[in-house]
Amino acid sequence: MNLLDELNEPQRQACLQTDGPVLVLAGAGSGKTRTLAYRIAYLIHQKGVHPSEILAFTFTNKAAREMKNRIDSLVGPDSRFMWVGTFHSVAVRILRENIDRLGYDDRFVVYDTDDTKSLIRDIVRELRWDEKEWPAGLFQTTISRAKNRFLSPSEWEDHSFYGERVQEVYSRYQKRLKALNALDFDDLIFQSVLLLQDHAEVRSRYQARFKHVLVDEYQDTNLAQYRLVRHLVGERGNLCAVGDDDQSIYGWRGADMRNILEFQRDYAGAAIVRLEQNYRSTQVILDAANAVVRNNRERLGKDLWTDKEPGQSVRLYRAPDEESEAWYAAEVIHEAIRQGKRLSDCAVLYRTNAQSRAFEMAMSRAGISYRLVGGKRFYERKEVKDVMAYLRVVFNPADDLSLLRVINYPRRGIGDVAQRRLREYASAQQIPLAEALARADRIEGLSAQARRASSELSELLRRFEESAGQSLAERVRNIAEVSGIMLLLRQERTREADDRLENIGELISEAKRFEEEQGTADLGEFLGWVALVSDWDETNEDGGGVWLMTVHSAKGLEFPLVIVAGLEEGVFPHSRSLNEGTVEEERRLMYVALTRAQDELYLTYAETRTMLGRTNANPMSRFIREIPDSLLSMGERLAAADRATAAMSHHIDGLAPGQRVRHPRFGWGTIVALRGEGDDTEVTIAFPGGGVRAFMAKYAQLVGEESGLSGA
DNA sequence: TCCACGGGCATTTTT
DNA sequence: TGCCCGTGGA
């Protein structure tokens, strides 16, 4: 059987074009991942390319995992020799092997944006600048931009008053990072490019190794990533870039559309393949999306089509205000459920997170469980970072920042004064803070208590280092215990503390999973992995519920029913884009939103909307006007549903142990305990998954069995 | 050391 | 209008 028989003609071309550069313009839902996987299978099976000679870049861990799975099912176990990963994880791999050439130690750690921010804050303080006037966040984004554009501190060209200061902070920041043996996210790419650019022998080694390079979501690459790819591809030019200029929505964080628009100029003789057949949506939905995006001037041009039936028209609903808009969404979803759709088939997409509130309220009141995408990520939680800080110091003793985070947490008697002394000593002796701890008994001006505590901490870290033979999960558990973090949280006996303990437990499970999946108990590998992983990748398939998320978060996803909300001038397109002249990116965002829908698409807007405490009347979004009337029909609120939803407001009175209730986030459960009275009533609910949680009844928005929507 | 208060701020988010 | 962060008081 021929491998490529299962593909359509352009998809097949994308696979067969194996010599030289190819740009695959893959429209939304055009079978991009599938095509990529087949191309790789084709290279291996038909062209005799060894998997280890293939390198594939993605942007997210999720995409990397999906691609790996796809390839694995076509190629089998040999696929493990391929390098498939995010830009950042591939960069880490390259740097671990070669970073000594740049004057770093190969035990470097990766700082996340929180770490980075406190480091910058520290620098601003060191310079004795007013932190109000020069907030760390400002420098953080500017420095990130600079690195994305591959500009080092010395190449910083802005010499205004402001620019001079940026340069000062940027250059100090880089020096500090190096001293801490740490890299920030942007550095991973930046330093990799530097390495390949300045070290010909390293460059040729990788070029010789990777005969084929693939890049997914090419429209999202920035200049630094572009250079990284360039260096790896070399003269041979076997690059397959896959992307969609119409879905470029990350310009604001450095993605440069020129990379895709000028691909043919950059890579001489490049072929272009267009994947325009869509396997996701109805023709009506595609027509609407095409009609909108056609208004952009900066694009390569492409029209999606399908051989599916036309489908029902796009429903447009004009609400008096954002509250009614949300009620309408609840009704639409309710109706869809009645017709046999599942809650998880439905998604509400909006432009800004602030819009989620009204939908959360409406869904809760209507007894519709929902999943809010976004929010704090697992590895950014305080308790997780605390445990990680211990691990990082053990791995990289130069990491003063992590040590400072936990030097007196849990409290062990190394207060401000002692910390200052230790830091002074460390900087005078030019040694890491961890080393100063070890020498505490020799440092003057330390109290007896601080001395003892320092030695103990130092000893704790040393002993931990020696536990390298144990399993990773054991070691993580161990440090969480021995450090006293677990004890501290256990003693607290509050809900928050319990949640935190649970999160630490989760971290331990992650360590176990990591060890099983990656087959290594190496601490450095684990730390590197953790730094580059976000949890929303992992926790996707929990429970049911309607999806509430921003359009940005929805990219790459698809749902049978989609409601795009807040379609008003100033909201979507966002007012800021109107001022900054980036409406085309907003339009692409709209295109992304529309193309998420498989069968049913609803567009809503509100005549008046309260934002930042002000009620505005915004005109209907230009993007709605760009959709031909023939594709639209008017949505209506259902009078009956109105009554039903009104009757469904949550109750506090009448709760009793044993009763079945539905929580908006956690779903159905059974009340096991009640504490307190009236507004202070705390209700404890056991959920079938095994979780037991306590809520303030007043805020929990519980719905009883008898008032559920099923009766409406 | 914790909590309460108030100022400032308010797209979009991954790694 | 609401949230987050930093500060200052008890």
Side-chain angles (χ1 to χ4, degrees), chain A residues 57-64 85-92 110-118 121 125 130-133 135-138 140-141 144 147-148 183-190 192 216-217 220-222 224-225 228 247-255 322 349-358 373-377 379-380 408-411 415-416 488 492 494 528-537 549-556 566 570-580 582-583 585-586 588-590 592-593 609-616:
Chain A
F57 285 110
T58 65
F59 271 85
T60 66
N61 294 301
K62 192 169 164 232
T86 62
F87 271 96
H88 297 267
S89 68
V90 169
V92 166
V110 180
Y111 276 1
D112 68 19
T113 38
D114 275 355
D115 304 325
T116 297
K117 201 171 188 172
S118 45
R121 200 174 290 136
R125 280 188 198 143
D130 181 1
E131 287 177 67
K132 286 246 160 57
E133 205 178 337
L138 179 79
Q140 194 176 27
T141 48
S144 173
K147 288 184 182 174
N148 289 164
L183 283 83
D184 66 22
F185 287 134
D186 302 309
D187 261 345
L188 295 175
I189 313 293
F190 187 98
S192 298
D216 191 17
E217 306 281 13
D220 289 337
T221 51
N222 59 39
Q225 287 159 333
L228 180 59
Q247 291 188 70
S248 166
I249 56 174
Y250 286 111
W252 52 274
R253 68 175 195 210
E322 72 272 12
L349 309 183
Y350 35 79
R351 177 64 242 265
T352 66
N353 285 118
Q355 289 168 256
S356 74
R357 166 172 267 122
V373 177
K376 56 256 155 260
R377 269 165 264 150
Y379 291 107
E380 282 172 9
N408 200 31
Y409 179 84
R411 234 167 301 137
D416 287 348
L488 189 74
E492 228 180 276
T494 61
W529 177 79
V530 164
L532 299 180
V533 137
S534 67
D535 70 329
W536 127 254
D537 291 348
M549 66 181 104
T550 63
V551 181
H552 281 94
S553 309
K555 187 169 173 224
V571 178
F572 196 177
H574 195 275
S575 54
R576 198 120 162 202
S577 73
L578 302 175
N579 297 331
E580 292 171 3
T582 51
V583 180
E585 181 151 311
E586 295 285 305
R588 293 191 290 270
L589 196 55
M590 178 69 172
V592 168
R609 177 179 298 275
T610 307
M611 288 162 76
L612 315 182
R614 228 169 249 267
T615 304
N616 306 358

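In what follows, chains are A, B, ... by sequence order, proteins preceding strands, each numbered from 1. Computed from heavy atoms alone, side chains included, the values below leave out hydrogens, waters and symmetry copies.
The phosphate of B:dT11 has neither OP1 nor OP2 within less than 4.0 Å of any side-chain N or O from A:Thr550. Proximity of A:Asn61 to the phosphate of B:dT15: a side-chain N or O atom is located under 4.0 Å from OP1 or OP2. OP1 or OP2 of B:dT11 has not a single side-chain nitrogen or oxygen of A:Asn353 nearer than 4.0 Å.
Protein atom CG of A:Asn222 is 16 Å distant from nucleotide atom P of B:dT14, rounded to whole Å. One can place CG of A:Leu183 at 18 Å from P of B:dT15, the figure rounded to the nearest angstrom. Between A:Arg588 atom CZ and B:dT12 atom P there is a gap of 18 Å when expressed in whole angstrom units. Taking atom CD1 of A:Ile189 as the reference point, atom P of B:dT15 lies 12 Å away to the nearest angstrom. A:Gln355 has its CD atom 10 Å from the C1' atom of B:dT11, to the nearest Å. One atom, CG of A:Leu349, and another, P of B:dT13, lie 12 Å apart when rounded to the nearest Å. In this structure, the CG atom of A:Asn408 is 11 Å from the P atom of B:dC2, given to the nearest Å. Atom OH of A:Tyr250 and atom C1' of B:dT12 are 7 Å apart (whole Å).
With a 4.5 Å cut-off on side-chain heavy atoms, A:Gln140 and A:Thr113 count as touching. Counting only heavy atoms from C-beta outward, the side chains of A:Val571 and A:Met611 approach each other to under 4.5 Å.
For the atom pair CD of A:Gln225 and CG of A:Asp220, the computed distance is 8.5 Å after rounding to the nearest 0.5 Å. Atom CZ of residue A:Phe185 and atom OG1 of residue A:Thr116 lie 7.5 Å apart, to the nearest 0.5 angstrom. Atom CG of A:Asp184 and atom CG of A:Asp112 lie 10.0 Å apart (nearest 0.5 Å). How far CD of A:Glu585 is from CD1 of A:Ile249: 7.5 Å, rounded to the nearest 0.5 Å. One distance of note links NZ of A:Lys555 with CZ of A:Phe59; it measures 8.0 Å at 0.5 Å rounding.
The side-chain contact (heavy atoms from CB on, under 4.5 Å) check on A:Ser89 picks up A:Thr86, A:Leu532, with sequence neighbours excluded. Remark: A:His574 engages no residue in a ring-ring contact (aromatic ring centres under 6.0 Å, His included) (not counting sequence neighbours). Listed by chain and residue number, A:Phe87 satisfy the ring-ring contact (aromatic ring centres under 6.0 Å, His included) test with A:Phe57 (two or more places apart in sequence, or in another chain).
For A:Arg351 and A:Glu586, the salt-bridge test passes: some basic side-chain N is under 4.0 Å from an acidic carboxylate O.
Within the nucleic acid shown, A:Arg121 comes within 4.0 Å of sugar-phosphate atoms alone, with no base atom in reach, counting heavy atoms only. If you check every strand for non-hydrogen atoms under 4.0 Å, A:Glu580 touches a base. Nucleic acid contact class of A:Glu217 (heavy atoms, under 4.0 Å, all strands): none.
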Which atom pairs link the protein and nucleotides 8-10 of chain C when you take only N or O atoms and keep those under 3.5 Å?
none

Please list each protein N or O that sits under 3.5 Å from an N or O in nucleotides 2-4 of chain C, with the distance.
from, atom 1, to, atom 2, distance (Å)
C:dC3, OP1, A:Arg357, NH2, 2.8

Which protein N or O atoms sit under 3.5 Å from an N or O of nucleotides 8-10 of chain B?
none

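Neither side chain, A:Thr582 nor A:Ser577, offers a donor N or O lying under 3.5 Å from an acceptor on the other.
Of the listed nucleotides (B:dT13, B:dT11, B:dT15), B:dT15 has the atom at the smallest distance from the side chain of A:Thr60. Listed candidates were B:dT11, B:dT14, B:dT15. Nearest to the side chain of A:Leu532 is B:dT15.
Here A:His574 counts as stacked on B:dT11: its ring centre is under 5.5 angstrom from the base ring centre and the planes meet at under 30°. Centre separation under 5.5 Å together with a plane angle under 30° holds for the ring of A:Trp252 and the six-membered base ring of B:dT12, marking them as stacked.
Atom C1' of B:dT14 sits at a distance of 23 Å from the matching atom of C:dC3, rounded to the whole Å. Rounded to the nearest Å, the gap between the C1' atom of C:dG6 and that of B:dT11 is 24 Å.
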Quiz item: Between A:Leu488 and A:Tyr409, does a side chain to side chain contact (heavy atoms under 4.5 Å, CB included) hold up when you go through it step by step?
Solution: CA-CA 10 Å; A:Leu488 189 74; A:Tyr409 179 84; 3.6 Å; yes
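Both A:His552 and A:Phe185 lie near DNA chain B, and the one whose nearest nucleotide falls closer to the 5' end is A:His552.
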